[in-house]
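Written below as structure tokens is the structure these notes are about.
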There are 2 protein chains.
Amino acid sequence: MMESKTHEVTVDIVILTIRKKKLEVLLIQRGQEPYKDKWAIPGGFIRLTENLDDAAKRVLFEKTHVKDIYLEQLYTFGDPYRYPNARVITVSYFALIRSDDLKLEAAAGLNIQQINWHSVYNLPDLAFDHRQILDYGMKRLRERLEYTPVAFQLLPRKFTLTQLQRTYEVILNTDLDKRNFRKKMLSLGILNEYEEFTKASSKRPARLYSFNDEIIKAQTGFVVDI
Amino acid sequence: MMESKTHEVTVDIVILTIRKKKLEVLLIQRGQEPYKDKWAIPGGFIRLTENLDDAAKRVLFEKTHVKDIYLEQLYTFGDPYRYPNARVITVSYFALIRSDDLKLEAAAGLNIQQINWHSVYNLPDLAFDHRQILDYGMKRLRERLEYTPVAFQLLPRKFTLTQLQRTYEVILNTDLDKRNFRKKMLSLGILNEYEEFTKASSKRPARLYSFNDEIIKAQTGFVVDI
DNA sequence: GCAAAAGTGTTCAATGTACACCCATGC
DNA sequence: GCATGGGTGTACATTGAACACTTTTGC
């Protein structure tokens with residue numbers, strides 16, 4: 001089964017977003033064998049002089065035309081049979097993106113391939129072991145959310161507390177108590193409160209908040225990059 | 001700087017133990033360039049038809065002659081300059097071992113190389129980026145200890161609560177309150193209590209406990225393998 | 001009888017959880 | 001004036017933290 005004489009190494013990226021109030025993942029329909037026409041998470045080969053994070057950033061940019069988003073190494077998969085007829089080890093990453101930052105037309109225009117968001121609860125068959133990688137990415141996202149405010153990577157700079165709560169609910173796939181959620185978020189001291197409100201669309205306007213970049217950076221090392 | 005035309009892929013293993021009431025790591029003094037005579041964590045190349053966990057197990061066995069110990073993938077390091085004159089990506093693992101399970105003479109006998117335990121707080125200069133890998137391993141161990149009972153991997157099958165507490169203290173590098181520690185451990189319901197006691201060596205005998213294999217397995221997936 | 005480690009409970013603070021009503025707006 | 005989502009507080013349970021003395025043994 002093994003034709004190659006060397007290891008090849010790729011990065012594969014689980015790109016998650018929230019869209020239509022659902023947690024969705026970016027998939028590309030493969031244009032060539034193996035697994036032609038199957039959907040797969042975006043990936044590509046690592047260049048010899050490129051470090052892993054840079055390779056992930058490059059692949060991300062090539063496929064989505066988006067830069068400067070949250071990216072974290074997940075796990076490395078290297079079963080010798082995961083890729084037909086070659087030994088391909090993949091270093092997986094996960095990325096979070098605001099879905100409206102990504103114009104799928106632009107992304108698709110760069111390639112011929114189909115590229116689309118898919119609900120993580122309603123997935124087609126995926127190529128290779130990509131289902132396993134995706135599951136691992138979602139698990140990691142939920143773990144992260146429990147003790148870091150990664151949700152800000154999925155929200156506009158200014159947002160309402162209800163938007164923030166919906167983000168948590170979608171990721172954790174559970175309902176949260178409104179009063180407890182607000183109390184908790186405000187007590188963390190990581191939010192800036194504005195005197196701005198949403199322009200009502202037939203209901204009471206909601207106060208806008210943003211994450212406090214300095215505190216986020218101090219607590220997590222994330223640089224907020226809007 | 002880059003002479004190779006392909007990626008090479010290795011595993012490197014942070015092997016930790018508790019010995020002489022200290023957290024120690026197994027290091028091998030390199031017998032050849034690069035970094036000849038420097039200390040390094042054990043590692044080796046991944047074979048083409050071998051999956052990553054198996055490669056780690058094999059390297060672990062080759063270097064230590066020990067099987068069936070706790071092993072977990074850590075992180076993949078792939079800076080193009082981490083290894084001189086070649087592109088070597090390494091998938092790092094961490095392992096926990098009871099130090100008396102490992103006879104260093106036997107391990108050293110297999111190779112010519114020096115092999116030795118080193119306190120993690122008093123390390124020589126390490127080859128490559130191994131210091132970074134080791135730090136990452138210790139961080140992971142501490143995280144694991146906060147919500148899984150990995151400590152049993154470092155203790156004999158039957159142990160006293162004081163031994164267990166010392167294990168936690170050494171790993172976390174902090175002192176713990178005896179009463180609170182015991183209350184917590186017993187309340188977790190993961191310990192079997194025996195009517196056996198240590199044979200006193202001039203002080204009050206201590207009750208022996210073991211971890212409940214079924215509960216550990218259900219909670220963590222670990223198979224206890226003594 | 002004394003040195004040395006084993007063993008044992010209570011109080012307080014902080015955190016998490018459950019739960020229901022009024023408010024501001026557009027129509 | 002009513003429908004819609006925004007906004008607020010209190011009581012209770014659970015968990016973690018601080019803290020000191022008695023017990024059992026070998027010598």
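Residue numbers start from 1 in every chain, and the chains themselves are labelled A, B, ... in the order their sequence lines are given, proteins ahead of strands. The basis for the numbers below is simple: all heavy atoms, side chains too, and nothing from hydrogens, waters or symmetry mates.
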Within this structure, what is the [atom1]-to-[atom2] distance between [X] and [N], rounded to whole angstrom?
{"X": "B:Glu195", "N": "C:dG7", "atom1": "CD", "atom2": "P", "result": "12 Å"}
{"X": "A:Leu176", "N": "C:dG16", "atom1": "CG", "atom2": "C1'", "result": "13 Å"}
{"X": "A:Arg182", "N": "C:dC19", "atom1": "CZ", "atom2": "C1'", "result": "16 Å"}
{"X": "B:Glu146", "N": "D:dT15", "atom1": "CD", "atom2": "P", "result": "17 Å"}
{"X": "A:Leu164", "N": "D:dG7", "atom1": "CG", "atom2": "P", "result": "12 Å"}
{"X": "A:Asn180", "N": "C:dC19", "atom1": "CG", "atom2": "C1'", "result": "9 Å"}
{"X": "B:Lys184", "N": "D:dT14", "atom1": "NZ", "atom2": "C1'", "result": "13 Å"}
{"X": "B:Lys203", "N": "D:dG26", "atom1": "NZ", "atom2": "P", "result": "12 Å"}

Report the residue (B:Lys178 or A:Arg179) whose heavy-atom-nearest nucleotide on DNA chain D is the more 5′ of the two.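 The answer here is A:Arg179.
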
B:Ser187 side chain vs B:Lys184 backbone, donor-acceptor pair below 3.5 Å: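 Yes, the answer is positive, given that a donor and an acceptor are paired below the 3.5 Å cut-off.
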
Distance-only, no hydrogens or angles: does the B:Arg140 side chain make a donor-acceptor pair with backbone N or O of B:Leu74 under 3.5 Å?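 Confirmed, B:Arg140 side chain pairs with B:Leu74 backbone.
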
Classify the nucleic acid contact of B:Lys183 as base, sugar-phosphate or nothing, counting any heavy atom under 4.0 Å across all strands shown.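 Base contact.
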
Do you know the tightest heavy-atom contact between B:Gly189 and B:Ile215?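 Reported closest heavy-atom pair: O-CD1, 3.1 Å.
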
Toward the 5' end of DNA chain C, by each residue's nearest nucleotide, B:Asp177 or B:Gln163: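 Its nearest nucleotide being more 5', the pick is B:Gln163.
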
Considering just the side-chain nitrogens and oxygens of A:Thr162, establish if one lies under 4.0 Å of OP1 or OP2 belonging to D:dG5.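 No, because none of the side-chain N or O atoms of A:Thr162 sits under 4.0 Å from OP1 or OP2 of D:dG5.
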
Looking only at the aromatic ring of each residue, does the gap between the centers of A:Tyr194 and A:Tyr209 stay below 6.0 angstrom?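 When the ring centroids of A:Tyr209 and A:Tyr194 are compared, they turn out to be at least 6.0 Å apart.
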
